[in-house]
Visitor: 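Quick one: structure below, then a few questions.
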Amino acid sequence: MDIKLKIWRQKNASTKGRFEDYELRDVSPEMSFLEMLDYLNKQLIEGGKEPVTFEHDCREGICGTCGLYINGRPHGPQQHTTTCELHMRAFKDGETIVVEPWRSKAFPIIKDLAVDRSAFDKIMNAGGFVNIDTGSAPEANNIPINKKISDRAFDAAVCIGCGACVAACKNSSAMLFVAAKVSQFALLPQGKVEAAERVQRMVEKMDELGFGFCSNTYACEFDCPKGISVEFIAQMNREFLSAKLCAHKGH
Amino acid sequence: MIKLDSKIPEGPIAEKWSKHKTSLRLVNPANKKKLEVIVVGSGLAGASAASALGELGYKVKVFCFQDTPRRAHSVAAQGGINAAKNYKNDGDSVYRLFLDMIKGGDYRAREANVYRAAEVSNLVIDHFTALGVPFARDYGGALDNRSFGGVQVSRTFYAKGQTGQQCLLGTYSSLSRQIAKGRVTMYSRRDMLDVVVIDGKARGIITRNLVTGAIERHGAHAVVLATGGYGTVFYLSTLALGSNATAAWSAHKKGALFANPSFIQIHPTSIPVLNDYQCKLTLMSESLRNDGRVWVPKGQADKRHPNSIPEEERDYYLERRYPAFGNLVPRDVASRAAKERCDAGYGVGDTGLSVYLDFKDAIAKQGKKAIEDKYGNLFEMYEKITGINPYNEPMRIYPAGHYTMGGLWVDYNLMTTIPGLYAIGESNFSDHGANRLGASSLMQCSGDGYFILPYTISDYLADEIRSPKTDIKHPEFDQAEKEVKERINRLMSVNGTQTASSFHKRLGKILWDHCGMFRTAEGLKKGRVLLDQLEEEFWKEIKIPGDANELNQELEKALKVADFFEVGRLMMEDALDRNESCGAHFREEYQTEQGEAKRDDANYAYVAAWEYQGHAQKPLLHMEPLKFEFVELKERSYK
Ligand SMILES: Cc1cc2nc3c(=O)[nH]c(=O)nc-3n(C[C@H](O)[C@H](O)[C@H](O)COP(=O)(O)OP(=O)(O)OC[C@H]3O[C@@H](n4cnc5c(N)ncnc54)[C@H](O)[C@@H]3O)c2cc1C
Ligand code: SF4
Ligand code: FES
């Protein structure tokens with residue numbers, strides 16, 4: 001198949017970017033989206049031009065590195081699919097495909113399609129952990145956990161930290177990302193002990209880093225490649241309110 | 001002249017580690033604060049080591065090439081992590097796990113190291129559980145286990161098909177905690193390009209900042225490499241595209257011996273190559289072989305749809321050849337058997353280079369829901385890539401480069417031959433011999449990082465309490481930085497016509513064809529010539545657009561490929577030296593009448609540790625004899 005591409009090019013954080021047009025022939029529908037970009041880059045390099053910078057690593061939907069805004073949607077048209085898992089069979093012959101980086105104040109552009117998502121690490125550093133030192137853990141089966149609860153915690157824990165939820169949200173809110181982590185730990189007995197402090201610290205950090213507020217449009221859930229449910233946002237809000245309440249009462 | 005001393009403690013196998021631990025020196029808390037440790041790598045091995053060292057009070061600096069430590073390739077491990085808990089009451093024990101690994105590794109691993117890995121495995125599971133890793137549970141609330149290839153007990157802990165992700169994120173959370181406490185400083189988006197050795201001791205590293213292109217110096221009292229495997233040498237592999245050999249190779253060039261470089265595991269169940277632009281093969285976890293049955297048609301070049309091939313015309317060749325283990329034979333055996341069938345003309349798919357992995361019987365017996373619970377995400381992944389729904393028709397699979405048993409040589413303390421330089425996790429050679437059993441790498445990586453290195457490194461650092469902070473203006477830093485810059489300039493100034501990836505692809509093909517699943521002396525020699533020619537062409541024809549002083553992904557790739565040539569050369573040297581077949585290393589000249597690997601324990605029961613002698617110079621072989629005091633050497637049979 002032949003396709004046309006409109007790709008955002010930007011030399012670095014301090015220069016202005018613009019769209020560039022490319023035409024690509026003989027694209028195989030079996031190619032992944034990123035293999036299609038590799039194919040483009042090969043032609044650019046051999047033609048003496050600078051290739052398009054885009055980020056990727058595992059190429060199997062688990063590391064969360066890739067993430068492109070394709071035809072107006074984070075990770076492109078296919079539900080529950082990361083950019084690297086998307087294949088060209090999802091597009092039509094002759095189609096024009098628009099490719100942009102994540103757009104959010106909290107994720108500044110580094111070059112072309114690569115953005116800086118270190119704000120997510122900062123939120124994690126604010127409290128995304130259980131306070132336990134190596135060596136002090138009890139025997140694993142001394143903490144029985146109801147299978148349903150443990151499975152639910154797993155559903156929250158599969159977040160890959162890609163940032164699509166932020167890119168999808170008109171307010172650039174990071175609620176889904178934060179809620180997934182907060183809920184995973186709040187559900188499990190290991191994490192319950194510090195649940196109140198954790199949620200407060202992580203939410204505060206999120207606000208401080210310039211992510212927007214949540215107005216319940218659920219675009220995040222729709223575009224999350226891992227299908228993280230917005231119900232976790234509700235769970236986090238409950239955790240947050242009860243933490244505030246406890247703090248208020250001086251408990 | 002380097003002298004190998006494995007430092008294996010005396011005494012009964014079950015007491016070696018506990019005795020050794022008590023003999024290791026400690027550093028008092030006030031001194032720990034003054035001691036700096038560099039950890040390169042934030043995978044299970046690096047992140048666990050860094051968290052444990054941070055908790056102890058050392059000043060730790062962690063480096064990774066990704067934008068955040070949470071993306072290290074450990075995240076992609078699927079099937080599970082072993083431990084000798086014996087929760088299933090099926091006769092498991094530390095000793096049995098040790099035996100399975102020694103046998104699985106085809107008697108080419110060190111007894112003492114393997115026993116220790118098995119011994120700390122239970123602590124690892126306790127720790128992960130306490131960190132909130134949501135492992136699978138049964139209805140009573142206890143942790144569940146499943147079985148994995150090459151063993152007859154169920155000892156594998158798992159979190160659906162995302163065990164690596166869950167373990168890594170658990171470890172990342174413990175790392176985040178130390179970063180928050182200010183004990184660990186994180187340096188993401190850095191490529192380590194050299195290690196700095198001062199007066200014979202590792203004192204720091206040189207990195208390239210991948211955003212600005214700046215060449216940076218970092219000093220410390222000790223350096224730990226946890227940089228993962230180099231399976232990407234084959235170009236097509238199950239590894240992440242950024243995985244590389246550069247960090248380990250730079251240490252090798254500075255004097256660290258490289259052990260068993262040709263021991264590379266080819267994993268039997270990966271999605272086959274689908275198009276010519278493919279640069280990555282996606283693994284389908286070994287755990288699938290618990291319920292999936294492997295087969296090919298009984299007739300050659302059978303082009304019928306798999307669902308229309310009747311039962312009696314299917315050859316379940318693993319069950320036929322290995323009745324005792326069936327579909328659960330170890331990886332090396334399963335991979336070779338698949339290649340044998342395909343080479344003989346029974347392979348399926350357009351290219352004839354794949355076999356079926358069929359869940360029909362398991363779905364009929366257990367129901368679709370049960371299969372979905374166990375492997376849902378893997379089935380989805382398969383469908384996204386191939387467009388085929390494996391609930392309705394069998395998966396097609398083929399072997400792919402996967403895991404490097406070989407790596408930097410380390411002694412029992414996990415120290416390389418450069419004092420103060422440690423190697424942990426997949427980057428070292430120590431625990432898996434010539435073949436790794438499934439679910440034992442996550443176990444080794446986290447055991448190394450959380451429960452072994454923190455003890456052994458303190459013994460070294462106890463001597464360093466009087467050493468001042470490393471001076472990064474030292475002439476050795478000048479020299480290392482100069483060499484790195486020269487290498488970069490040399491690459492940038494070639495200005496040829498071909499991309500780094502195109503060279504990588506051709507190199508991978510040479511290695512796959514000549515140093516892959518089946519090797520011969522003749523083929524290896526031919527491969528070496530081809531590799532030399534390609535390397536020469538690389539240095540004349542490589543094209544890197546842009547500037548070195550900015551984000552430049554083509555330069556990053558070229559630096560890696562340049563090292564892969566040298567690694568490939570050493571792999572072939574090693575494969576040629578080893579005139580026997582063992583585990584993943586299969587020399588066609590050395591096989592039994594049934595086509596199984598034929599070891600030569602009298603002549604080759606050693607670790608081959610290679611010393612660098614300069615570019616394309618014949619490396620010097622050091623042999624570490626493997627003594628088997630507790631296990632009897634036997635032919636490895638899964639029949
Ligand atoms: C697809 C797949 C599935 C697997 N499934 C299982 C399984 O089910 N069970 C099991 O036990 N094992 C499994 N394995 C093997 C296991 O996942 C790995 O062996 C293990 O995770 C390696 O961990 P590590 O910490 O040594 O390295 P990695 O996790 O690979 O981490 C390497 C780190 O080093 C850094 N690094 C590398 N080079 C440089 C450099 N030059 N400069 C700076 N930083 C650098 C990287 O940024 C990264 O942080 C699987 C492997 C693959 C590929
Ligand atoms: S919640 Fe979903 S979209 Fe957001 S970072 Fe996690 S995986 Fe990505
Ligand atoms: S490259 Fe890892 S998720 Fe896409």
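Letters A, B, ... are given to chains in the order of the sequence lines, protein chains preceding strands, and every chain is numbered from 1.
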Visitor: Is it the case that the side chain of B/R71 and the backbone of A/I160 share a donor-acceptor pair, with hydrogens and angles ignored and the cut-off at 3.5 Å?
Guide: yes

Visitor: So, B/R189 and A/E55, do they make that salt bridge, N to O below 4.0 Å?
Guide: yes

Visitor: Less than 4.5 Å to any heavy atom of chain A: does that hold for the side chain of B/F451, its backbone, both, or neither?
Guide: side chain

Visitor: Output yes when B/R177 and A/D133 qualify as a salt bridge under the 4.0 Å nitrogen-oxygen rule, no when they do not.
Guide: yes

Visitor: For residues B/G387 and A/R89, report the shortest heavy-atom separation together with the two atoms involved.
Guide: N-NH2, 3.4 Å

Visitor: Are B/C279 and A/D38 packed together at the side-chain level, in the sense that at least one heavy-atom pair is separated by less than 4.5 angstrom?
Guide: yes

Visitor: Tell me, for B/H73 versus chain A, whether the close heavy atoms (under 4.5 Å) come from the side chain, the backbone, both or neither.
Guide: side chain

Visitor: In terms of heavy-atom proximity below 4.5 Å to chain A, should B/T68 be classed as side chain, backbone, both, or neither?
Guide: both

Visitor: For chain B, which of A/V130, A/T53, A/I62 has the most heavy-atom pairs under 4.5 Å?
Guide: A/I62

Visitor: Please flag which part of B/D138 lies under 4.5 Å from any non-hydrogen atom of chain A: side chain, backbone, both or neither.
Guide: backbone

Visitor: Identify which part of A/N131 has an atom lying under 4.5 Å from any heavy atom of chain B, answering side chain, backbone, both or neither.
Guide: both

Visitor: Which heavy-atom pair separates A/L188 from B/G132 by the least distance, and what is that distance?
Guide: CD1-O, 3.4 Å

Visitor: Quick test of your reading of the model: are A/E35 and B/K280 salt-bridged, counting only N-O distances below 4.0 Å?
Guide: no

Visitor: Out of B/T386, B/L143, B/V133, B/I385, return the one with the most heavy atom pairs under 4.5 angstrom to chain A.
Guide: B/I385

Visitor: Check each atom of B/T238 against the heavy atoms of chain A and say whether the ones under 4.5 Å are side chain, backbone, both or neither.
Guide: backbone

Visitor: As an exercise, state the distance from CG of B/L283 to SG of A/C58, rounded to the nearest 0.5 Å.
Guide: 12.0 Å

Visitor: Do B/D67 and A/R117 sit within salt-bridge range, that is, some charged N less than 4.0 Å from a carboxylate O?
Guide: yes

Visitor: Please check this pair: side chain of A/E46 against backbone of B/Q498, looking for a donor-acceptor N/O pair closer than 3.5 Å.
Guide: no

Visitor: Under 4.5 Å, counting heavy-atom pairs only, tell me which of B/A76, B/G140, B/S174 racks up the most with chain A.
Guide: B/A76

Visitor: Give the C-alpha distance, both sets of side-chain angles, the deciding distance and a yes or no for side-chain hydrogen bond (donor to acceptor under 3.5 Å, both in side chains) between B/N275 and A/S28.
Guide: CA-CA 8 Å; B/N275 76 77; A/S28 151; 5.3 Å; no

Visitor: So, B/Q278 side chain and A/M31 main chain: donor-acceptor pair closer than 3.5 Å or not?
Guide: no

Visitor: Among A/P189, A/G161, A/A126, A/C84, which residue forms the greatest number of heavy-atom pairs with chain B at distances under 4.5 Å?
Guide: A/G161

Visitor: Closest approach of A/A140 and B/D126, non-hydrogen atoms and distance?
Guide: N-OD1, 2.8 Å

Visitor: To the nearest 0.5 Å, tell me how far B/Q553 CD sits from A/F54 CZ.
Guide: 7.0 Å

Visitor: Minimum heavy-atom separation for B/K384 and A/Q78, please, with both atom names.
Guide: CG-NE2, 4.3 Å

Visitor: Any chance the side chains of A/T134 and B/E55 put a donor and an acceptor closer than 3.5 Å?
Guide: yes

Visitor: When heavy-atom pairs shorter than 4.5 Å are enumerated against chain B, which of A/P144, A/G191, A/A156, A/A90 gives the highest number?
Guide: A/P144

Visitor: Any non-hydrogen side-chain atom of A/N12 less than 4.5 Å from a side-chain atom of B/E550?
Guide: no

Visitor: Might you point out which heavy atoms bring A/D57 and B/Q66 nearest each other, and give the distance in Å?
Guide: OD2-NE2, 3.0 Å

Visitor: Could you walk me through whether A/D121 and B/Y172 pass the side-chain hydrogen bond (donor to acceptor under 3.5 Å, both in side chains) check?
Guide: CA-CA 10 Å; A/D121 288 320; B/Y172 163 67; 2.5 Å; yes

Visitor: For a quick test of reading the model, state the closest non-hydrogen atom pair linking B/L551 to A/K111 and the distance between them.
Guide: O-NZ, 2.8 Å

Visitor: What residue in B/E380, B/M381, B/Q178 has the most heavy-atom pairs under 4.5 Å with chain A?
Guide: B/M381

Visitor: Which one of B/F65, B/F128, B/F157, B/Y277 has the most heavy-atom pairs closer than 4.5 Å to chain A?
Guide: B/Y277

